[in-house]
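The model shown is predicted, which means the values in this text are computed figures rather than measured ones.
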Amino acid sequence: MLGSPPRCLVPNNAGTLSERRARDGTHRLETYEEPPLDYALQPRLRTYKPRMDRSGFADKSAEKAAQREKILEEERRLREKTLHYVHEGRLDFSALKEPVPPEVRSVFLSWVAMANLAPDGCGITQYGQRFFLEKRGEGTCQLVCTDGTLSMPDCVLVFEENGYV
């Protein structure tokens with residue numbers, strides 16, 4: 001053991017705290033000056049569920065406004081389509097030559113059903129127009145639609161004066 005360096009007879013942990021810090025070159029804070037340790041305890045229950053972190057909710061007013069505008073635009077287009085078929089205050093189903101889209105057909109049928117269910121045969125459209133149902137005998141008419149042909153009673157919806165388009 002001639003070539004080995006001399007060993008220190010004093011162990012590293014010997015001496016007072018200030019001597020060890022001076023020897024190691026570490027300058028830590030005193031025990032009461034150190035920040036406290038945060039350690040979260042959880043109960044040993046099976047049914048325990050940690051609380052959710054509460055956070056605010058996102059502002060979706062711009063998305064809602066865009067969606068509202070989209071819905072209003074669709075309603076406006078549907079109104080234009082439905083009122084396109086009304087001529088001189090009358091909607092004659094047997095006189096319609098061009099095919100009717102399914103969404104317009106469902107509006108027309110809801111108007112006919114509304115007038116049929118009313119005791120006086122009158123109704124009001126979702127656009128605020130008053131109308132009454134005028135039946136032409138017991139015959140049927142063919143309503144040509146884009147997805148097929150509908151056989152229905154031969155009738156006419158007559159709109160009041162302010163209901164003219």
Residue from Ile124, Leu83, Val86 passing side-chain contact (heavy atoms from CB on, under 4.5 Å) with Gln129 | Leu83
Interatomic distance, [X] atom [atom1] to [Y] atom [atom2] [nearest 0.5 angstrom]:
X	Y	atom1	atom2	result
Met52	Lys49	CE	NZ	11.0 Å
Glu80	Glu75	CD	CD	12.0 Å
Thr125	Arg130	OG1	CZ	10.5 Å
Phe108	Leu91	CZ	CG	4.5 Å

Specify the closest pair of heavy atoms between Tyr127 and Arg79, including all atoms of both residues, with the distance to one decimal.
-> OH-CA, 3.4 Å
Between Cys155 and Phe93, which heavy-atom pair has the shortest distance, and what is it?
-> O-CD1, 3.3 Å
Does the distance from a Lys or Arg side-chain N to an Asp or Glu carboxylate O, for Lys64 and Asp59, drop under 4.0 Å?
-> no
Quick one: do Glu73 and Arg77 make a salt bridge, cutoff under 4.0 Å?
-> yes
Any donor-acceptor N or O pair under 3.5 Å, side chains Ser94, Arg136 = yes
Trp111 and Gln126 side chains, donor-acceptor separation under 3.5 Å | yes
Any chance you could lay out the side-chain contact (heavy atoms from CB on, under 4.5 Å) test for Phe131 and Val158, step after step, and finish with the verdict?
-> CA-CA 5 Å; Phe131 65 91; Val158 180; over 6 Å; no
Any chain of hydrophobic side-chain contacts (each under 4.5 Å) joining Leu96 to Val107?
-> yes
Are any non-hydrogen side-chain atoms of [X] and [Y] less than 4.5 angstrom apart?
X	Y	result
Cys122	Met114	no
Leu133	Leu157	yes
Arg68	Glu63	no
Asp120	Phe132	no

Counterpart residues, side chain to side chain contact (heavy atoms under 4.5 Å, CB included), relative to Pro43 (two or more places apart) = Leu45, Tyr48
So with a 6.0 Å cut-off around CZ of Arg76, is the heavy-atom count from everything else above 12?
-> yes
Identify every side-chain donor-acceptor pair in residues 140-151 under 3.5 Å, counting partners at least two apart or on other chains, and give the distances.
from, atom 1, to, atom 2, distance (Å)
Asp147, OD1, Arg105, NH1, 2.7
Asp147, OD2, Arg105, NH1, 3.4

Quick one: do His84 and Glu98 satisfy side-chain contact (heavy atoms from CB on, under 4.5 Å)? Show the steps, please.
-> CA-CA 11 Å; His84 167 74; Glu98 59 187 83; 3.5 Å; yes
